[in-house]
Amino acid sequence: MDNFKTKQNIGGLSGEIIIPPDKSISHRAIIFGALTGGKVKIKNLSLGEDCLNTLKIFEKLGAKHKFTSKRDLILDSSNSFNAPKEALYCGNSGTTTRLLSGFFAGQNFDVELTGDESLSKRPMKRIIEPLSKMGAQIISNENKLPLKIKGSKLEGITYHSPIASAQVKSCLLLAGLNADNKTKIYEPSLSRNHSEIMLEYLGASITTGEDKNGYFVEIEKSNLTPKNLEVVGDISSAAFFMVAAAIIPNSSIIIKNVGINPTRTGIIDVFKQAKIDFELLNQKTICNELVADIKVNYTLNIEPFEIKGNLIPRLIDEIPILAVLASQAQGKSIIKDAKDLRNKESDRIKTVVEAFKALEIETQEFDDGFSITGKKEINTNVTLETHLDHRLAMSYYVLSLINKKEMTINGFNCINTSFPEFLDLMKKLN
Ligand code: S3P
C-alpha cells in the first residue's frame with residue numbers, strides 16, 4: 001500500500017482515541033534510561049521506526065531490553081557499552097543521529113552513523129561545529145552522513161546556538177554529561193525541553209534559565225539514577241486528528257493522554273487564533289510532563305492565522321498539518337521565520353507549497369515560510385509525493401478527507417517512521 005489512493009467518503013469524525021507515545025520523549029527515555037547504567041522500566045514507548053532505531057543502536061552497544069507488553073519494556077544497561085562491530089543505522093531519524101552524536105563523541109570507542117536517503121541529505125554542521133569545539137573528532141561527508149565519530153575526551157563550553165533546536169541542545173547536553181567542566185547552551189528562543197525535564201528527573205546536575213543572552217541550560221558531568229519512566233502521548237501525532245476534526249463537518253472527538261508541555265503547544269495557540277472550538281480536559285503530570293485530553297469540534301468559521309517568531313519552535317513539526325488548517329480558513333494565513341523547515345525530513349516549505357499548488361489552493365512561497373489563502377473547496381484529482389516525509393504523508397491524508405476527488409499519495413508507508421497506528425486510529429473515529 002505504498003501508493004495510497006483515497007477519496008472523501010466520511011461524514012464527521014467522532015469518538016475517543018488514546019494518542020500513541022511521544023516520539024521525542026521516547027528517544028530520550030531510551031537514551032537517558034540506557035545512560036543510568038541500571039535497569040529502567042519504560043512505560044508507553046513509541047513503536048515508530050525512528051525510536052526503534054534508537055533502541056536497536058543501544059542493543060548493538062550491549063544494552064539489553066525486554067518488552068513486557070506491547071509498549072512497555074525493561075531496559076538493562078548494567079554492563080558497560082561495547083564498541084559496535086558495524087556502522088550504526090539511524091534510519092530516517094534526525095533525533096537519533098544528532099542526540100547520539102553528542103553521546104558518542106565522549107566515549108572510549110569509535111562509531112560510524114548512517115541513515116536513509118532523506119536523513120543523508122540533512123545538515124549535521126549544526127552539531128559537528130559545537131561538538132568539535134568541545135574536543136570531538138568527527139569526519140563527515142561535507143557535513144552530512146555518514147559520520148565517523150572517534151571517541152575523545154571532551155571539555156565543556158558555552159555555546160550560543162544560532163537556531164532554536166532541541167536536537168542541537170540535547171546533543172550538547174549529552175556531550176556535556178560526559179565532559180570536564182560545565183557546558184552551557186544558549187538558544188534564541190526556547191525549543192522543546194524534554195531533555196532538561198528528563199535529565200533533572202533522573203538526577204543530573206542541570207540548571208535552566210533565561211538571561212540577557214537568551215534561554216540557557218547548563219549541565220555538568222553527572223551520574224543518572226535508574227528510575228522508571230513513562231512516556232506521554234504525542235501532540236505532534238494528535239495534531240493530525242485535531243485538525244481533521246476541526247475541518248470535517250459534524251466532527252467531535254476526544255484525544256486522550258496528549259502531552260501539553262508548553263514548549264510543544266504552539267498548535268494550541270494557533271487553534272485559539274483560528275477560533276477553533278476545542279477544550280483541554282483532565283490535566284495532570286506524568287514524569288514531570290504535563291498531559292491532558294483534548295476535545296475538538298468541527299468549526300465552521302475558521303479565522304486565518306499568523307505563525308512566526310518564538311511560536312515556530314513550539315510547533316515546528318505541526319506546520320504541514322497547520323497548512324491544511326489554513327486551507328480551510330477564511331482568508332490568508334502566514335507562516336514565517338521558519339527557514340529550518342527546509343532541513344526537515346523534506347524541504348517542507350518547497351514540498352508543502354508544491355502540493356498545495358497541485359491542489360489548486362492559493363499559496364505563495366517565501367524563503368522562510370509560505371502563505372495560504374483558504375476557504376476554497378478542494379476538488380482536484382491529484383497525485384502527491386511524500387519524499388519519505390511522514391508528516392507530509394499524514395497531512396495529505398487529512399487533505400484527502402476534504403478533497404471531493406480521488407487523491408494518490410506516493411510513498412505513504414513512511415508514516416511508520418513516527419505513527420504506525422495512524423490509519424487504525426482514523427478508522428476508529430469514522
Ligand atoms: C526534535 C526536535 C525538532 C523536531 C524533531 C524532533 C527532538 O527538531 O523537528 O522532529 O526530539 O529533539 P529541531 O530541534 O532540529 O528543530
Side-chain angles (χ1 to χ4, degrees), residues 21-32 45-46 48-51 53-54 90-103 115 118-119 121-130 143 159 161-174 185-199 215 217 231-232 234-240 259 261 263-267 289 307 310-322 335 337-349 352 368 388-395 414-415 417-419:
D22 189 274
K23 183 159 82 78
S24 288
I25 301 177
S26 294
H27 281 295
R28 286 154 173 84
I30 300 165
I31 299 171
F32 298 137
L45 188 83
S46 164
E49 285 165 359
D50 274 8
C51 294
N53 278 324
T54 297
C90 302
N92 190 257
S93 176
T95 308
T96 307
T97 315
R98 296 193 177 123
L99 268 60
L100 290 186
S101 295
F103 162 65
S118 148
L119 185 62
K121 289 187 198 144
R122 297 179 66 186
M124 296 298 154
K125 190 171 174 199
R126 58 185 61 197
I127 53 155
I128 295 175
E129 223 168 56
N143 288 315
Y159 184 65
S161 177
I163 48 174
S165 161
Q167 291 181 349
V168 171
K169 175 171 65 176
S170 305
C171 164
L172 299 180
L173 285 172
L174 276 153
I185 306 132
Y186 280 97
E187 52 182 347
S189 61
L190 190 59
S191 65
R192 64 191 69 189
N193 63 359
H194 305 303
S195 294
E196 294 91 308
I197 289 177
M198 200 178 288
L199 281 166
Y215 292 92
V217 50
V231 181
V232 301
D234 198 331
I235 192 164
S236 298
S237 298
F240 301 104
N261 174 321
T263 62
R264 294 285 297 281
T265 49
I267 185 172
E289 291 281 357
I307 306 180
N310 289 351
L311 192 51
I312 297 292
R314 297 179 51 236
L315 48 63
I316 187 73
D317 292 336
E318 286 66 83
I319 290 177
I321 190 64
L322 288 171
I335 290 135
D337 304 326
K339 198 166 178 188
D340 209 33
L341 281 181
R342 296 198 183 273
N343 297 316
K344 294 295 176 186
E345 287 82 332
S346 69
D347 173 345
R348 285 186 182 154
I349 296 180
V352 166
D368 64 346
L388 286 182
D389 187 336
H390 53 127
R391 301 208 194 274
L392 289 186
M394 292 182 277
S395 302
C414 66
I415 64 165
T417 296
S418 64
F419 200 174

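Along the sequence shown, residues carry numbers from 1. Whatever order the structure lists ligands and atoms in, that order sets their numbers, starting from 1.
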Of all the non-hydrogen atoms in the protein, which one sits nearest to atom 6 (C) of ligand 1, and at what distance? T95 OG1, 3.5 Å
Is a side-chain N or O of K169 found less than 3.5 angstrom from the main chain of S191, in a donor-acceptor match? yes
Nearest neighbour in protein (non-hydrogen) for atom 11 (O) of ligand 1: S24 OG, 2.7 Å
Backbone N/O of N193 and side chain of T263: donor-acceptor pair under 3.5 Å: yes
D317 to ligand 1: N or O pair under 3.5 Å? yes
Looking at Q167, R348, K344, the heavy atom closest to atom 16 (O) of ligand 1 belongs to K344
Pick from R28, H194, R122: the one approaching atom 7 (C) of ligand 1 most closely through a non-hydrogen atom: R28
Does any donor atom in the side chain of H390 or S418 lie under 3.5 Å from an acceptor atom in the other side chain? yes
D389 bridged to K344 by N-O distance under 4.0 Å: no
Identify the residue among K23, R192, R264 that makes a side chain to side chain donor-acceptor pair (under 3.5 Å) with S236. R264
Please list the nearest protein heavy atom to atom 15 (O) of ligand 1 with its residue and the distance rounded to 0.1 Å. S165 OG, 3.1 Å
Could you tell me, atom by atom, which parts of ligand 1 come under 4.0 Å of a heavy atom of A166? 12 (O), 14 (O)
If the cut-off is 4.0 Å to any non-hydrogen atom of I316, which atoms of ligand 1 fall inside it? 9 (O)
Given H27, which partner from the list S46, S93, S170 fulfils the side-chain contact (heavy atoms from CB on, under 4.5 Å) test? S93
d(L311 CG, I335 CD1) to nearest 0.5 Å is 10.0 Å
Tell me, please: is R192 in heavy-atom contact with ligand 1, that is, under 4.0 Å? yes
